[in-house]
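Order of the sequence lines sets the chain letters (A, B, ...), proteins ahead of strands, with each chain counted from 1. Keep in mind that the numbers below use all heavy atoms, side chains included, and drop hydrogens, waters and symmetry copies.
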2 protein chains.
Amino acid sequence: MSNCNQCIVKQFNALKTLSKDELVRVSNCKTSRTIKKGETIFEEGEMINGIYCIKDGVCKLSKLSPNGRAQIVKLVVKGDLLGQRSLIGKESANLSAIALNDMEVCFIPKREIVDDLSKNPEFCHSMLEQMANDLRESDNIIVNMAQKSVRNRIADILIYMFENFGENEEGFLAIHFSREDYANLVGTATESAIRIMSQFKKEGLISTSGKWIKIENLQKLKSIE
Amino acid sequence: MSNCNQCIVKQFNALKTLSKDELVRVSNCKTSRTIKKGETIFEEGEMINGIYCIKDGVCKLSKLSPNGRAQIVKLVVKGDLLGQRSLIGKESANLSAIALNDMEVCFIPKREIVDDLSKNPEFCHSMLEQMANDLRESDNIIVNMAQKSVRNRIADILIYMFENFGENEEGFLAIHFSREDYANLVGTATESAIRIMSQFKKEGLISTSGKWIKIENLQKLKSIE
DNA sequence: ATTAAAACATGACAAATATCATAGTATATT
DNA sequence: AATATACTATGATATTTGTCATGTTTTAAT
């Protein structure tokens, strides 16, 4: 059983505010788990009785809309906590979480950590900070969804990918997302996403090799209005 | 100087978790204020050094998009706290707040209340609950914006208005929003909002008298996909 | 009551995006 | 290496939504 106290990943989330004693308790109750690409971690409507600390990998939080398409609301990455809202109230998950690549996560049962929210003000405050950030981001996404063109949103998401996941040795985006995932991120049809990317290729903004995408002209991509 | 302890409005927000002593302190530092319809409470980018407790009235939280249109992200109503995120971190406001009708608010300076977040776990937890709710709502809005048609979103917002603000004696929606506000709520052009409402009138879903809107067939409105 | 300003309404058209069909290409599996 | 499967790509077309122009109605101010 590995020790949370020595885990580097917790530095990036609210768990860093827990005391040594609290971390010992968490270490003893947590379960480590490997999740394969494409696997569902939890589904909307499900009760999640705890939080996941992401040690490695990326997952999408998405929701099925009435028209049958999925909308990705947020990407959860290494260092993030997943399922924070399960600690507050008794509601079931509002979103589904699906792994976008192979992941390593630790699951901490709610009952073992929920009391820390009321007993450790620092922990509560740190959760609040994270939540406030998420809220600001979500609000910004609403504005973009409502006001920007699909072309614009595709450009934005490509920039986001570049800035958050970087590039591999050959200069391609270091993480692979299907075109459908891109479409679901920006809220458009898969064909539209592909079409716009093809357009970007013709304009020299990006290039592709199979499923891999390379950002060729970040400045120009950023200047798309 | 009125006493927060006796204020009914605080029952609806995190202030209810404050102790009597804390409330006395808040009572002594708060400033009551009347805000006229159309007046700006704060603007995006501005530093707000405190929170507003809404005693009466409604305001919109909106953000200007690059294309020059405003997007309304949230409506803040009687009983709500406004500017909660100002208590966390030092960032400036991400959204502008503008009164939609005459309002009565109390302003509580940040310095007088920020310590309660770390000293009163209940208060912190209550803020967390509110924030978690806001986040869930925002996530749902993202999905709707991205996946539903404008027609569908207009229907949704009319239902929302009916269910949240009710009707007056003559059966009209008890609160007046301009067609532009409706458009900014659902993220469309004002003309499109007007056009779709005209369509709804022809279909007998709503009727209007001047600026006032009456919901004529809620069931059918709800069944719009 | 009159007038100015704001809000509402609608037509004509353009642009953006979705949908359906179909085909090519890459990837993983055997 | 062959094959099935999933993914990417693109054309044709329909639908939705935005934009511009213009007119009408309502509201507010004098």
Side-chain angles (χ1 to χ4, degrees), chain A residues 36-38 65-71 98 100-102 144-155 157-158 170 172-173 175-203 206-214 224-225, chain B residues 36-38 65-71 100-102 144-155 157-158 172-173 175-203 206-214 224-225:
Chain A
K36 283 238 174 299
K37 176 176 178 170
S65 81
N67 69 19
R69 268 215 297 262
Q71 175 65 34
I98 298 168
L100 285 170
N101 49 26
D102 291 349
N144 289 341
M145 282 294 172
Q147 304 287 354
K148 290 187 176 179
S149 67
V150 174
R151 179 179 159 87
N152 208 160
R153 271 138 61 200
I154 294 273
I157 198 69
L158 287 169
E170 291 118 43
F172 294 101
L173 289 178
I175 189 171
H176 165 65
F177 280 52
S178 72
R179 303 294 194 268
E180 187 180 6
D181 280 332
Y182 278 106
N184 291 347
L185 272 163
V186 305
T188 191
T190 306
E191 297 95 321
S192 297
I194 291 174
R195 220 181 289 275
I196 287 166
M197 287 192 192
S198 296
Q199 193 58 39
F200 284 174
K201 277 192 267 184
K202 282 178 194 147
E203 297 171 31
I206 64 173
S207 64
T208 61
S209 171
K211 62 185 183 182
W212 297 100
I213 296 173
K214 189 187 287 190
I224 283 178
E225 275 307 311
Chain B
K36 283 238 173 299
K37 176 177 176 170
S65 78
N67 69 19
R69 268 215 297 262
Q71 176 64 33
L100 286 171
N101 48 26
D102 291 349
N144 289 342
M145 282 295 172
Q147 303 286 352
K148 290 187 176 179
S149 66
V150 174
R151 178 178 160 87
N152 208 161
R153 272 138 58 200
I154 295 272
I157 198 71
L158 288 169
F172 293 101
L173 288 180
I175 189 170
H176 165 66
F177 280 55
S178 71
R179 304 294 193 267
E180 186 180 6
D181 280 333
Y182 278 106
N184 291 347
L185 271 164
V186 305
T188 191
T190 306
E191 296 96 320
S192 296
I194 291 174
R195 217 181 292 274
I196 286 166
M197 287 192 192
S198 296
Q199 191 60 37
F200 284 173
K201 277 193 267 184
K202 283 180 195 149
E203 297 171 31
I206 64 173
S207 64
T208 62
S209 173
K211 62 184 184 183
W212 298 97
I213 296 173
K214 189 187 286 190
I224 282 178
E225 277 306 313

For [X] and [N], give me the distance from atom [atom1] to atom [atom2], rounded to whole Å.
| X | N | atom1 | atom2 | value |
| --- | --- | --- | --- | --- |
| A:Arg179 | C:dG24 | CZ | P | 19 Å |
| A:Ile213 | C:dT25 | CD1 | P | 18 Å |
| B:Lys211 | C:dA7 | NZ | C1' | 10 Å |
| A:Met145 | C:dA16 | CE | P | 19 Å |
| B:Glu180 | C:dA9 | CD | C1' | 15 Å |
| A:Asn152 | C:dA16 | CG | C1' | 13 Å |
| B:Gln147 | C:dT17 | CD | C1' | 13 Å |

Selection: residues 195-202 of chain A, any non-hydrogen atom under 4.0 Å of DNA chain C: A:Arg195
I need the residues from residues 186-194 of chain A with at least one non-hydrogen atom less than 4.0 Å from DNA chain C; give them sorted by number, or say none. A:Thr188, A:Ala189, A:Glu191, A:Ser192
How far does [atom1] of [X] sit from [atom2] of [Y], to the nearest 0.5 angstrom?
| X | Y | atom1 | atom2 | result |
| --- | --- | --- | --- | --- |
| A:Met197 | A:Ile206 | CE | CD1 | 6.0 Å |
| B:Lys211 | B:Leu173 | NZ | CG | 13.0 Å |
| B:Gln71 | B:Asn184 | CD | CG | 7.0 Å |
| B:Gln147 | A:Thr188 | CD | OG1 | 9.0 Å |
| A:Phe177 | A:Leu100 | CZ | CG | 4.5 Å |
| A:Phe200 | A:Ile213 | CZ | CD1 | 10.5 Å |

Going 5' to 3' along DNA chain D, which nucleotides are the first and last within contact of chain A (any atom under 4.0 Å from a heavy atom)? D:dT8 to D:dA12
Side chains of residues 148-155 of chain B: which donor-acceptor partners sit under 3.5 Å, not counting sequence neighbours?
| residue | atom | partner | partner atom | Å |
| --- | --- | --- | --- | --- |
| B:Lys148 | NZ | B:Asp156 | OD2 | 2.8 |
| B:Ser149 | OG | B:Asn152 | N | 3.1 |
| B:Arg151 | NH1 | B:Glu203 | OE2 | 3.2 |
| B:Arg151 | NH2 | B:Glu203 | OE1 | 3.1 |
| B:Asn152 | ND2 | B:Ile224 | O | 3.3 |
| B:Arg153 | NE | B:Val186 | O | 3.1 |
| B:Arg153 | NH1 | B:Lys148 | O | 3.0 |
| B:Arg153 | NH2 | B:Val186 | O | 2.6 |
| B:Arg153 | NH2 | B:Gly187 | O | 3.2 |

Provide the closest heavy-atom pair for B:Ala193 versus B:Ala183 in the form atom of the first, atom of the second, distance. CB-CB, 3.9 Å
Considering all heavy atoms of both residues, which atom of B:Ala146 and which atom of A:Met145 are nearest to each other, and what is their separation? CB-SD, 3.8 Å
Are the side chain of B:Asn101 and the backbone N or O of B:Lys37 linked by a donor-acceptor pair below 3.5 Å? no
Dump the intermediate steps for side chain to side chain donor-acceptor pair (under 3.5 Å) on A:Ser209 and A:Lys214, then the final yes or no. CA-CA 8 Å; A:Ser209 171; A:Lys214 189 187 287 190; over 6 Å; no
Considering only heavy atoms from C-beta outward, does the side chain of A:Tyr182 approach that of A:Ile194 to under 4.5 Å? no
Distance test, side-chain N/O of A:Arg151 to OP1/OP2 of C:dA16, below 4.0 Å: no
Between the first and last five pairs of the helix from C:dA1-D:dT30 to C:dT30-D:dA1, the angle of the axes, rounded to 10 degrees: 50°
Which pairs with one or both residues in residues 178-193 of chain B pass salt bridge (Lys or Arg N to Asp or Glu O under 4.0 Å), sequence neighbours excluded? B:Lys60-B:Asp181
Looking for any heavy atom pair under 4.0 Å, which part of the strands does A:Arg69 touch: base, sugar-phosphate only, or nothing? sugar-phosphate
